[in-house]
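There's a structure below that I have some questions on.
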Amino acid sequence: MATKINHWIDGKPYERAAERYGDVDNPATGDVQAQVAFATPAVVDEAVESAARAAQTWRSVSIARRTKILFAFRELVDKHQKEIARLLTLEHGKVTADALGEVNRGLEVIEFACGIADLAKGEYSENVSTEVDSYSIRQPLGVVAGITPFNFPAMVPMWMYPIAIACGNTFVLKPSERDPSAAMFCAQLLADAGLPAGVFNVVHGDKVAVDRLLEHPKVAAISFVGSTPIAKYIYETGTHHGKRVQALGGAKNHMIVLPDADMELAADAAVSAGYGSAGERCMAISVIVAVGAAADRLVPLLRERIAKLRVGDGLEPGSEMGPLITRPHRDKVAMYVDKGVSEGATLLADGRTLSVAGRAGGFFLGPCLFDNVKPHMEIYKDEIFGPVLSMTRAATYDEAIRLVNTNPYANGVALFTNDGGAARKFQHEVEVGMVGINVPIPVPMAYYSFGGWKASLFGDLHIYGRDGVHFYTRAKAVTVRWPDPRHRGVDLGFPQNK
Ligand code: NAD
């Protein structure tokens, strides 16, 4: 019988059996390895109530104590990173090295949150008027919720809850129902680190659970990461219910290669960023825009590298690329490859027939490469979210930038060149939230903020970094007079600067 995964409410695993469960597959074998509880609105209410109770005291716990717990949590995540990575590989399918990389990028945000004493400082002005001082403080919002996607089950929640908790909020996480175990493992580590019950809760489930969080009057803010249609829905519904919302959406990331670029470097980068994690990264490169002579020089270099990629079970030491998350998703990505062929693009590498020895039931798809992809084709327009790299040819650099700037998505973008002037023009003109120059996946460090523009983000503030601290706090401005007792007296007029 498959293991049952339940919620985490009030500092412990939830005991009551669920009315509904969802299957959690092992994508490398195709076997159902666990069943995850799907929360009803009543269970979500229990989690929010637990968080609301904890918020009454957690907001007044000293910064020193909150930081101490975060430091302890940091140590525990570091110590257990191999176990967390193994859970990621078993449920998501990504290879071990990639899974460890994910945990490490999450750790960086925990480390950032450990600096909350400095990050959440207010400002102070003395004598704004005679004997009047003014200062600002940043206070927590209360209960905040995070709703996260399947592709980074450990890291994306860590973009949210360490900072939210450090700021004095309590948290309800609704992780992806496809790979829920990393969230449960981290909930236990937070408890072991000394976090009081109710400060961090996990509810599993689908739209039913999410909708209750969106409308619950005690949830003050929602952080969401996922696909664009759901991000838009979350933003519109959450704000309609008076909540602060940041909703990060999907992507179609371009990598422009100019003819003067180091082509070996560009080819390495395109293959790593296109097929890493089987293309299931919101910062994956999905379109190479080769300018002029760059295209013909890149093609053999890309093919040579793709031919050597080792696809297999992520737990096998030699594997470089694992399976896709589910059978339907694998089939959908393969269908896009069929479509690209019928739309007239040139298929240079075809991963549709790949089989992995001993893993016949796995959701594998080999790397696919298209050349001569045109902007009107669906394989160009849609976010495919799989190991499919498209190359589009542009006659000029301006045409390449125009292509990027007219795309509705604007999460990440990269330019490969050796020309400093071209790089500067790019940084200045490109309308995308995260920009790489000779860096294919420009994910900002924890002390900058992560977020796209246009259809890749709904809301005003990016996630983690300073924006994260601002998202999870609200500013209060205080004006104080401690008058000299000798100056007492009634004054009905407006205070004047004397
Ligand atoms: P998804 O949008 O299907 O699901 C994200 C979350 O929303 C999950 O927790 C899911 O249970 C919930 N959800 C799904 N359908 C819902 C509905 N109808 N109503 C309410 N909630 C719903 O995304 P996914 O397939 O898990 O993840 C892949 C997507 O996430 C890709 O589009 C990828 O680009 C995007 N992503 C974006 C970023 C970013 O930072 N911009 C990062 C990672 C992933």
Side-chain angles (χ1 to χ4, degrees), residues 20 22 24 27 36-39 41 44 91-94 102 105-106 109 145-160 172-180 182-183 202-215 222-238 245-253 276-286 324-326 328-330 332-333 382-386 408-413 432-434 441-444 449-459 461-465 467-468:
R20 271 194 313 141
V24 179
V36 63
F38 277 18
V44 173
E91 293 183 354
H92 174 281
K94 61 181 69 182
E102 168 174 355
R105 294 310 302 260
V109 183
I147 300 156
T148 53
F150 79 82
N151 66 327
F152 286 105
M155 180 188 78
V156 168
M158 285 177 189
W159 288 356
M160 304 172 180
V172 180
L173 174 66
K174 206 303 281 172
S176 170
E177 62 277 34
R178 312 247 173 261
D179 39 23
V202 182
V203 289
H204 299 289
D206 56 3
K207 183 172 166 51
V208 173
V210 171
D211 282 347
R212 182 61 189 146
L213 287 170
L214 287 175
E215 69 195 22
I222 307 259
S223 295
F224 172 87
V225 176
S227 59
T228 287
I230 311 295
K232 189 163 184 281
Y233 167 74
I234 300 283
Y235 183 77
E236 287 171 354
T237 316
V245 181
Q246 58 180 180
L248 282 73
K252 193 79 190 180
N253 305 314
S277 202
E280 290 175 329
R281 289 180 182 145
C282 66
M283 289 293 274
I285 292 296
S286 57
L324 292 163
I325 183 72
T326 57
H329 184 58
R330 183 247 167 245
K332 185 174 163 201
V333 176
D382 293 359
E383 181 186 40
I384 298 175
F385 222 57
Y409 294 107
N411 212 40
V413 70
V432 175
M434 291 172 282
I441 302 197
V443 174
S449 296
F450 182 109
W453 290 6
K454 302 194 304 199
S456 296
L457 175 82
F458 300 87
L461 290 169
H462 288 190
I463 210 157
Y464 68 72
D467 272 17

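Atoms within a ligand are numbered from 1 in the order they appear, just like the ligands themselves.
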| message | If the cut-off is 4.0 Å to any non-hydrogen atom of Lys174, which atoms of ligand 1 fall inside it? | response |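 Within the 4.0 Å cut-off of Lys174, ligand 1 contributes 8 (C), 9 (O), 10 (C), 11 (O).
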
| Can you tell if the side chain of Phe224 reaches within under 4.5 Å of the side chain of Ile230, non-hydrogen atoms only? |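 Yes, their side chains come closer than 4.5 Å.
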
| query | Closest non-hydrogen protein atom to atom 35 (C) of ligand 1, residue and atom name please, with distance? | reply |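 Checked against all protein heavy atoms, atom 35 (C) of ligand 1 sits closest to Gly226 O, 3.0 Å.
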
| task | Output yes when the distance from some N or O of ligand 1 to some N or O of Ser456 is under 3.5 Å, and no in every other case. | result |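 No; every N/O pair is 3.5 Å or more apart.
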
| Quick one: does Glu383 get an N or O within less than 3.5 Å of an N or O on ligand 1? |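 So ligand 1 has an N or O lying under 3.5 Å from an N or O of Glu383.
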
| message | At less than 4.0 angstrom from any non-hydrogen atom of Phe450, what atoms of ligand 1 do you find? | response |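 Here the atoms of ligand 1 in question are 39 (C), 40 (O).
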
| request: Return the residue, atom name and 0.1 Å-rounded distance of the protein heavy atom closest to atom 7 (O) of ligand 1. | output: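 Atom 7 (O) of ligand 1 sits closest to the protein heavy atom Phe224 CE1, 3.4 Å.
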
| task | Please examine the side chains of Phe385 and Asn151, heavy atoms only from C-beta on, and report whether any two atoms are closer than 4.5 Å. | result |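 Side-chain contact under 4.5 Å: yes.
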
| said: Just to verify, which of Arg178, Arg212, Lys174, Arg20 counts as forming a salt bridge (charged side-chain N to carboxylate O under 4.0 Å, His left out) with Asp206? | reply: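 Of the listed options, the one satisfying the test is Arg20.
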
| request: Below 4.0 angstrom from a heavy atom of Ile147, which ligand 1 atoms are there? Numbered from 1 as shown, please. | output: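 Under 4.0 Å from Ile147, ligand 1 has these atoms: 6 (C), 7 (O), 9 (O).
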
| query | Relative to ligand 1, is Glu177 under 4.0 angstrom through side chain, backbone, both or neither, heavy atoms considered? | reply |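 Side chain only.
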
| said: Do Phe450 and Val443 make a side-chain contact, defined as non-hydrogen atoms from C-beta onward lying under 4.5 Å apart? | reply: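 In short, these two side chains touch, coming nearer than 4.5 Å.
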
| field | Check: Phe150 N/O within less than 3.5 Å of ligand 1 N/O | value |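 Yes, at least one N or O pair falls under 3.5 Å.
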
| said: Only heavy atoms of Asn411, strictly under 4.0 Å: list the atoms of ligand 1 that pass. | reply: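 Listed by number with element: 41 (N).
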
| Is there a heavy atom in Gly452 that sits closer than 4.0 Å to ligand 1? |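 Per 4.0 Å heavy-atom rule, Gly452 does not contact ligand 1.
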
| said: So if I count the atoms of ligand 1 from 1 in the order they appear, which ones are less than 4.0 Å from some heavy atom of Trp159? | reply: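 Taking each heavy atom of Trp159 in turn, ligand 1 has 40 (O) under 4.0 Å.
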
| query | Within a strict 4.5 Å, meaning less than it, do heavy atoms of the Pro41 and Val208 side chains meet? | reply |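 SC-SC contact between Pro41 and Val208 confirmed.
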
| message | Considering only residues two or more places apart or on different chains, which pairs with a residue in residues 222-233 satisfy salt bridge (Lys or Arg N to Asp or Glu O under 4.0 Å)? | response |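 Those involving residues 222-233 are Lys232-Glu236.
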
| Can you tell me if Phe38 has a non-hydrogen atom under 4.0 Å from ligand 1? |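 Phe38: no contact with ligand 1 (<4.0 Å).
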
| said: Contact between Thr228 and Tyr409 at the side-chain level, heavy atoms closer than 4.5 Å - yes or no? | reply: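 In short, these two side chains touch, coming nearer than 4.5 Å.
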
| task | To the nearest 0.5 angstrom, please state how far the NZ atom of Lys252 sits from the CD atom of Glu383. | result |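 If we round to the nearest 0.5 Å, Lys252:NZ and Glu383:CD are 7.5 Å apart.
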
| N/O separation below 3.5 Å, Ser227 to ligand 1 |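 Yes, there is a polar N/O contact under 3.5 Å.
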
| When the ring planes of Phe458 and Tyr235 are compared, do they come out parallel, tilted or perpendicular, using 30° and 60° as the limits? |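 Rings of Phe458 and Tyr235: tilted, as their planes differ by 30° to 60°.
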
| request: Classify the contact between Tyr409 and ligand 1 as side chain, backbone, both or neither, using a heavy-atom distance cut-off of under 4.0 Å. | output: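 Neither; nothing of Tyr409 gets under 4.0 Å from ligand 1.
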
| task | Enumerate the atoms of ligand 1 whose separation from the nearest heavy atom of Val210 is less than 4.0 angstrom. | result |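 Here the atoms of ligand 1 in question are 20 (C), 21 (N).
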
| request: Using protein heavy atoms only, decide if any is under 4.0 Å from atom 19 (N) of ligand 1. | output: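 Yes, there is a protein heavy atom closer to it than 4.0 Å.
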
| query | Picking from His92, Arg281, Lys94, what satisfies side chain to side chain donor-acceptor pair (under 3.5 Å) with Glu102? | reply |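 The option that passes is Lys94.
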
| message | Among all the protein's non-hydrogen atoms, which is closest to atom 44 (C) of ligand 1, and how far away is it? | response |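 Atom 44 (C) of ligand 1 sits closest to the protein heavy atom Asn151 OD1, 3.2 Å.
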
| Taking only residues two or more places apart in sequence or in another chain, which ones pass side-chain hydrogen bond (donor to acceptor under 3.5 Å, both in side chains) with Tyr233? |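 Listed in chain order: Lys207, Asp211.
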
| query | So is Phe385 in contact with ligand 1, going by heavy-atom distances below 4.0 Å? | reply |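 Distance cut 4.0 Å: Phe385 passes for ligand 1.
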
| task | Answer yes or no: does an N/O atom from Pro149 fall short of 3.5 Å to an N/O atom of ligand 1? | result |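 No.
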
| said: Rounded to the nearest 0.5 Å, what separates atom CD1 in Ile222 from atom CD in Gln246? | reply: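 Between atom CD1 of Ile222 and atom CD of Gln246 there are 10.5 Å.
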
| query | Any N/O of Thr148 closer than 3.5 Å to an N/O of ligand 1? | reply |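 Yes, there is a polar N/O contact under 3.5 Å.
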
